[in-house]
J.: 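Input: one structure, supplied below.
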Amino acid sequence: MSMHLFENILLLVFIAIAFLQISRRFPIPYPTMLAIAGVLVAALPGSPEFTIDPHLALALFIAPALFDEGYDTSSRGLRNISIPLISLALIAVLLTTLSVARVGLSAGMPLAAAVALGAIVAPPDAAAAAAVLHRFDLPKRTVAILKGEGLLNDAAALLIFGVAVTTIMQPESVGEAVARFALAVPGGVVCGFVIGRAYLIIAKRLAGTLGGTLFEFAAVFGAWISAERLGVSPILTMVVFATTISVAIPSQQSARVRIHSYSVWHSTVFALNVVAFLFVGLQAKTILMQFDSERIGFALMFAASVFVVATVVRILWVLAYGQLIRWIGPAFGYHEFPTVKMSLLVSWCGMRGLITLATALALPAAFPYRDLILLSALAVVLGSLIVQGLSLAPLVKLMNFRPDADGETASMFARTELSKVAITIRGHNQDFASSALVAPSETGVTALDRSLREIHLRTVIAKRLRLNELRASGSIDDDVYREIEQELDWMELAVTPPGKLQILEG
């Protein structure tokens with residue numbers, strides 16, 4: 001890396017920090033704000049051009065985002081919303097691909113090139129959805145569906161994309177490509193599970209060390225690269241890898257290690273997201289410069305048409321699905337029907353992100369209509385981030401969603417169960433010890449003698465065991481589990497001697 005490149009990156013980071021303050025003060029999702037910042041910087045005279053290998057972009061930016069979201073999503077949770085996930089991650093992707101392909105055919109594209117364009121712009125981005133949704137108090141089921149869609153839809157789209165590219169670039173091996181990509185889906189599931197189990201064995205030996213934290217990052221990027229080398233779906237590999245370890249890893253980690261790990265991951269994923277969305281905007285100048293004055297008008301009109309079609313098809317399908325499931329759902333024992341407000345929100349949350357642009361950039365240089373496909377991908381990404389991103393907050397406010405009663409009920413149930421555990425333990429101790437456990441801030445946890453510390457720790461341990469039982473039995477979902485897990489972690493650290501809070505270097 002040259003010093004000049006480093007200076008440019010540092011300048012962009014300062015620009016991103018400035019625009020993040022605007023996003024923080026106004027109801028504007030930060031991916032939208034950073035995409036706009038990238039476009040504005042790219043429009044400045046003499047602005048630097050940033051290029052990155054598309055495969056590196058996917059590994060560097062998408063792998064940790066998928067892992068982070070997959071870790072917070074249990075396989076049981078995905079099964080509970082399997083029907084709407086199939087609707088969005090498979091059917092919506094296919095419908096969008098075919099509809100956009102029809103637009104490509106009208107512009108004279110070969111069928112395979114038009115299908116490749118449709119597959120590129122079809123799947124919403126997991127990082128974009130997560131970055132936008134966390135700002136709003138929405139029904140948990142709706143959020144779970146949108147996050148689950150972002151985790152799974154890319155697999156179907158990239159399978160179609162791979163076959164379409166092979167059809168044009170290597171027409172003699174289309175059959176082989178179809179078989180290879182068909183095996184990529186189950187192969188990704190198996191690969192993710194195997195890597196996850198191996199990770200649990202090694203991570204247990206490195207627990208409590210900075211080497212263990214470094215291993216977390218090496219394992220995530222290594223899993224993505226391994227999947228690519230094996231020819232299986234790296235996206236499904238990351239999702240299965242994350243969900244596999246999320247079930248078992250809490251019992252292997254101490255409170256201090258878990259808090260340290262979560263903090264490092266949260267900061268890292270956020271920093272990578274910031275760079276990724278800024279990078280999206282910066283590509284505007286590079287892509288537009290590929291067109292001369294005679295072609296730019298038609299190209300912009302075509303790209304705008306692709307954005308409109310991709311957006312409208314999603315809205316129409318999500319609304320149609322809501323009505324369809326009400327008609328046929330009861331016959332199959334399904335009674336989870338989305339409201340019209342939920343359907344409108346889900347249909348409007350189809351923001352595209354870096355994976356769409358990186359996939360387009362990965363097209364071979366000789367691919368027909370490559371420049372038009374790149375511009376269309378950029379239009380869909382920027383259009384969705386800006387148009388939908390800016391209007392999402394007013395839309396949520398207008399819909400006035402009620403508080404999530406199911407989530408509050410589950411949280412209250414879990415806390416009641418844990419309180420019973422604490423009462424049982426307190427019943428065997430003196431009144432002073434009981435008061436210290438109930439209100440540690442009033443009695444001063446740091447001043448407790450060794451016996452009181454032990455009582456407090458035994459209570460936290462017993463609560464944690466009960467919390468794990470509730471999760472394993474399906475009595476609470478992962479959102480409630482992680483919320484209370486974090487509270488118990490801080491309670492444990494409050495009475496842990498400072499000398500035992502250090503993370504070792506080995």
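All values derive from a computational prediction rather than experimental measurement.
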J.: Which heavy atom in L392 sits nearest to a heavy atom in C349, and how many Å separate them?
T.: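 Result for this residue pair: CD1-SG, 3.8 Å.
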
J.: Do S99 side-chain atoms and T96 backbone N/O form a donor-acceptor pair below 3.5 Å?
T.: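 It does not hold such a pair.
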
J.: Measure from the side-chain N and O atoms of D479 to the backbone N and O of R482, and report whether any donor-acceptor pair falls under 3.5 Å.
T.: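 No; zero donor-acceptor contacts below 3.5 Å.
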
J.: Kindly indicate, with the supporting measurements, whether the criterion side-chain contact (heavy atoms from CB on, under 4.5 Å) is fulfilled by L357 and I287.
T.: CA-CA 11 Å; L357 190 58; I287 293 175; 4.1 Å; yes

J.: Got F367 and P364 here, is their nearest side-chain heavy-atom distance under 4.5 Å?
T.: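 Yes, side chains in contact.
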
J.: Please examine the side chains of I120 and L363, heavy atoms only from C-beta on, and report whether any two atoms are closer than 4.5 Å.
T.: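 The answer is yes, as the side chains (C-beta and beyond) meet within the 4.5 Å cut-off.
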
J.: So how far is it from L111 CG to T167 OG1, rounded to the nearest 0.5 Å?
T.: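 The OG1 atom of T167 is 8.5 Å from CG of L111, to the nearest 0.5 Å.
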
J.: Give me the ring orientation class for W317 and Y321: parallel if the planes are under 30° apart, tilted from 30 to 60°, perpendicular past 60°.
T.: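 Ring orientation, 0 to 90° scale: tilted.
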
J.: When rounded to the nearest 0.5 angstrom, what distance separates OG in S391 from CG in L398?
T.: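 If I round to the nearest 0.5 Å, the distance is 11.5 Å.
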
J.: For residues F221 and A59, report the shortest heavy-atom separation together with the two atoms involved.
T.: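 Taking every non-hydrogen atom into account, CE2-O, 3.2 Å.
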
J.: Would the number of heavy atoms belonging to other residues, nucleotides or ligands and lying under 6.0 Å from CD of Q486 be above 12?
T.: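 Counting neighbours around CD of Q486, 12 or fewer heavy atoms of other residues, nucleotides or ligands fall under 6.0 Å, so no.
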
J.: Quick check against the 3.5 Å criterion: does S226 have a side-chain atom that pairs as donor or acceptor with the backbone of A223?
T.: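 No, because the side chain of S226 does not come within donor-acceptor range (under 3.5 Å) of the backbone of A223.
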
J.: Test S384 against T311 for side-chain contact (heavy atoms from CB on, under 4.5 Å), laying out the working first.
T.: CA-CA 8 Å; S384 62; T311 303; 5.8 Å; no

J.: Can you list the steps and then say if Y199 with F215 is a ring-ring contact (aromatic ring centres under 6.0 Å, His included)?
T.: CA-CA 9 Å; Y199 173 90; F215 175 66; 5.1 Å; yes

J.: Any side-chain heavy atom of W265 sitting closer than 4.5 Å to one from F67?
T.: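 Yes - at least one pair of side-chain heavy atoms lies under 4.5 Å apart.
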
J.: Answer whether the closest heavy-atom distance between the side chains of L88 and V93 falls below 4.5 Å.
T.: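 The answer is no; the side chains never approach within 4.5 Å.
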
J.: Do I160 and L94 come close enough that some side-chain heavy atom pair is under 4.5 Å?
T.: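 Yes, close enough: below the 4.5 Å cut-off.
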
J.: Do the side chains of D371 and R295 get close enough for a salt bridge, i.e. N-O under 4.0 angstrom?
T.: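 A salt bridge is present here (some side-chain N lies under 4.0 Å from a carboxylate O).
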
J.: State the CG-CD distance between L378 and Q283, to the nearest 0.5 angstrom.
T.: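 CD of Q283 is found 8.0 Å from CG of L378.
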
J.: Look at the side chain of Q21 and the backbone N and O of I17, then say whether any donor-acceptor pair between them is shorter than 3.5 Å.
T.: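 Such a contact is found between Q21 side chain and I17 backbone.
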
J.: Is any side-chain heavy atom of P110 less than 4.5 Å from a side-chain heavy atom of Y369?
T.: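 With C-beta onward as the side chain, the pair touches.
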
J.: Rounded to the nearest 0.5 Å, what's the gap from CD1 on I245 to CD on E216? Could you check?
T.: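 It is 7.5 Å, given to the nearest 0.5 Å.
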
J.: Which value, rounded to the nearest 0.5 Å, describes the distance between L152 atom CG and K147 atom NZ?
T.: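 Reported to 0.5 Å precision, the distance equals 14.0 Å.
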
J.: Considering non-hydrogen atoms only, spot the tightest contact between A112 and A164 and give its length.
T.: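 Smallest interatomic distance, heavy atoms only, reads O-CB, 3.4 Å.
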
J.: Run L56 and F61 through side-chain contact (heavy atoms from CB on, under 4.5 Å) and show every step you take.
T.: CA-CA 8 Å; L56 174 59; F61 300 122; over 6 Å; no

J.: May I ask you to say whether E149 pairs ionically with R314, meaning some side-chain N is under 4.0 Å from a carboxylate O?
T.: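 Salt bridge between E149 and R314, a charged N being under 4.0 Å from a carboxylate O: yes.
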
J.: Using side-chain heavy atoms (C-beta onward) and a distance below 4.5 Å, is Y262 in contact with H266?
T.: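 When only atoms from C-beta onward are counted, H266 and Y262 do not touch, as no gap falls below 4.5 Å.
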
J.: If only atom types and distance count, is the side chain of S267 paired as donor or acceptor with the main-chain N or O of V264 below 3.5 Å?
T.: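 Not confirmed, S267 side chain does not pair with V264 backbone.
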
J.: Kindly say whether R352 contributes a backbone atom to a donor-acceptor pair with the side chain of T356 at under 3.5 angstrom?
T.: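 Looks like no, no N/O pair under 3.5 Å.
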
J.: I'd like to know if the side chain of R370 reaches the main chain of L361, judged simply by a donor and an acceptor atom lying under 3.5 Å from each other, with no hydrogens or angles considered.
T.: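 Side chain of R370 to backbone of L361: a pair is present.
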
J.: Below 4.5 Å, heavy atoms only, C-beta onward: do L372 and F298 meet side chain to side chain?
T.: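 Result yes, sub-4.5 Å side-chain heavy-atom pair found.
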
J.: Centroid-to-centroid, F241 to F193, below 6.0 Å?
T.: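 So the answer is no for these two rings.
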
J.: Please round to the nearest 0.5 Å and tell me the distance separating atom CH2 of W224 and atom CG of L66.
T.: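 Reported value, rounded in 0.5 Å steps: 6.0 Å.
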
J.: Indicate the atoms forming the closest heavy-atom contact of V39 with L382, along with that distance.
T.: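 Between these two residues, the closest heavy atoms are CG2-CD1, 3.8 Å.
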
J.: Between D72 and S246, is the side-chain contact (heavy atoms from CB on, under 4.5 Å) condition met? List the steps.
T.: CA-CA 7 Å; D72 292 333; S246 68; over 6 Å; no

J.: List the atom of A57, the atom of L354, and the distance in Å for their closest heavy-atom pair.
T.: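 What the structure gives for the nearest pair is O-CD2, 4.1 Å.
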
J.: Say whether, by atom type as modelled, one donor and one acceptor occur between the side chain of K285 and the main chain of A43 under 3.5 angstrom.
T.: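 Side chain of K285 to backbone of A43, a donor-acceptor pair under 3.5 Å: no, none is there.
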
J.: Can you name the closest pair of heavy atoms from L151 and G70 and give their distance?
T.: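 Smallest heavy-atom distance, with atoms named: CD2-N, 3.9 Å.
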
J.: Going through the distances and angles, do F270 and Y30 end up as a ring-ring contact (aromatic ring centres under 6.0 Å, His included)?
T.: CA-CA 10 Å; F270 176 75; Y30 82 81; 5.1 Å; yes

J.: Is the side chain of R326 donor-acceptor paired with the backbone N or O of G322 at a distance under 3.5 Å, no angle test?
T.: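 A pair under 3.5 Å: yes.
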
